[in-house]
Amino acid sequence: LTVLPYRLSASADDKIAEFTGGADMADSGIELTAPEIAENGNTVPISVNAPGATAIMVLATGNPTPGVATFNFGPGAASQSASTRIRLAGTQDVVAIAKMADGSFAKASAAVKVTIGGCGG
Amino acid sequence: MASGVKPRVKVPKKAAAGEAVTIKTLISHKMESGQRKDKEGNVIPRSIINRFTCEFNGAMVIDVTMEPAISTNPYIEFEATVPEAGDFKFTWYDDDGSVYDTAKSIKIA
């Protein structure tokens with residue numbers, strides 16, 4: 001087994017720039033719920049909630065590829081929230097960025113401690 | 001095509017008009033991340049479901065772009081508004097081009 005370097009991936013910043021176009025991000029308006037400690041990085045439950053958002057992007061900044069998922073909400077969505085389960089390679093920050101209907105952006109992050117990594121490195 | 005792919009969806013049987021319902025979906029899929037190696041040290045090629053959509057009577061509810069960091073057997077939970085009786089249509093798109101879909105109807109109580 002090789003140990004992956006759990007550094008802040010430079011491409012996480014690229015992903016954010018691609019999503020926001022370099023716009024400023026507010027600190028409020030989005031909630032990201034993630035466990036403080038995840039025993040198994042293979043399946044970490046997270047949920048995001050950003051009222052009024054059209055899309056929410058989730059990034060795992062310490063994964064070999066930082067992208068996790070992008071949720072796009074249509075007219076049939078009752079709330080701009082979703083839950084899923086993700087893989088984390090190691091202890092790191094999970095970041096969620098919401099694109100609001102008015103074109104502004106909001107960002108939230110959560111630090112997750114991972115005991116067993118989930119990328120099989 | 002990945003073997004043993006089976007979508008499972010939980011939708012209430014009925015709802016009041018305009019009510020928000022919680023929908024839970026899970027599809028059995030190995031979601032090979034493309035990061036793992038086999039015993040000989042060769043990288044196992046990526047094979048994941050890269051997109052999930054849910055529509056209600058033709059209107060988009062949620063469209064999710066998924067990347068390798070989504071866990072095995074991807075689970076997604078979200079809320080949808082039910083303005084009238086009709087059908088939810090769920091579709092998953094595999095890296096290999098396969099498309100899996102299922103539908104659930106809901107009545108107005």
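Each chain gets a letter, A, B and so on, in the order its sequence line appears, and its residues count up from 1. Atoms considered below: every heavy atom in the structure, side chains included; atoms not considered: hydrogens, waters and symmetry mates.
A:V95 and A:L32 are members of different hydrophobic clusters when ILVMFWY side chains are connected at heavy-atom separations under 4.5 Å. Under a hydrophobic-cluster definition in which Ile, Leu, Val, Met, Phe, Trp and Tyr are linked whenever side-chain heavy atoms come within less than 4.5 Å, directly or via other members, A:V112 and A:I37 are assigned to different clusters. Residues A:I97 and A:V94 are members of separate hydrophobic clusters, defined by side-chain heavy-atom contacts under 4.5 angstrom among Ile, Leu, Val, Met, Phe, Trp and Tyr. Note: the hydrophobic cluster containing B:V11 also contains B:I76 (ILVMFWY, side chain heavy atoms under 4.5 Å, direct or indirect links). The hydrophobic clustering, which links ILVMFWY residues whose side-chain heavy atoms are closer than 4.5 Å, places B:W92 and B:F88 together.
The interface of residues 21-31 of chain A with chain B, defined by heavy-atom distances below 4.5 Å, is empty.
Expressed to the nearest 0.5 Å, how far OG of A:S83 lies from OH of B:Y75 amounts to 6.0 Å. Note that OG1 of A:T84 and CZ of B:F52 are 10.0 Å apart. Values are rounded to the nearest 0.5 Å.
With a 4.5 Å cut-off on non-hydrogen atoms, B:L26 touches chain A through its side chain but not through its backbone. Neither the backbone nor the side chain of B:T53 comes within less than 4.5 Å of any heavy atom in chain A. Proximity to chain A (any heavy atom under 4.5 Å) is shown, for B:F56, by neither the backbone nor the side chain.
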Applying side chain to side chain contact (heavy atoms under 4.5 Å, CB included), run through A:N72 and B:M60 and close with a yes or a no. CA-CA 9 Å; A:N72 297 289; B:M60 184 61 69; over 6 Å; no
After noting the C-alpha distance and the side-chain angles of B:Q35 and A:T65, does the key distance pass the side chain to side chain contact (heavy atoms under 4.5 Å, CB included) rule? CA-CA 9 Å; B:Q35 300 285 342; A:T65 53; 3.9 Å; yes
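Not a single salt bridge (charged side-chain N to carboxylate O under 4.0 Å, His left out) links B:E55 to another residue, sequence neighbours left out.
Scanning all heavy atoms of the two residues, the minimum distance from B:F78 to A:S81 falls at CB-O, 3.8 Å.
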Please set out all donor-acceptor pairs under 3.5 angstrom arising from side-chain atoms of residues 61-71 of chain B, sequence neighbours excluded.
residue, atom, partner, partner atom, Å
B:D63, OD1, B:R51, NE, 3.1
B:D63, OD2, B:R51, NE, 3.4
B:D63, OD2, B:R51, NH2, 2.9
B:E67, OE2, A:K15, NZ, 3.1
B:S71, OG, A:N42, O, 2.7
B:S71, OG, A:R85, O, 3.3
B:S71, OG, A:I86, N, 3.4
B:S71, OG, A:I86, O, 3.2

Check residues 79-86 of chain B and write down every donor-acceptor pair under 3.5 Å in which the side-chain atom is one partner and the other belongs to a residue at least two apart or another chain.
residue, atom, partner, partner atom, Å
B:E79, OE1, A:S79, OG, 2.5
B:E84, OE2, B:N57, ND2, 3.0

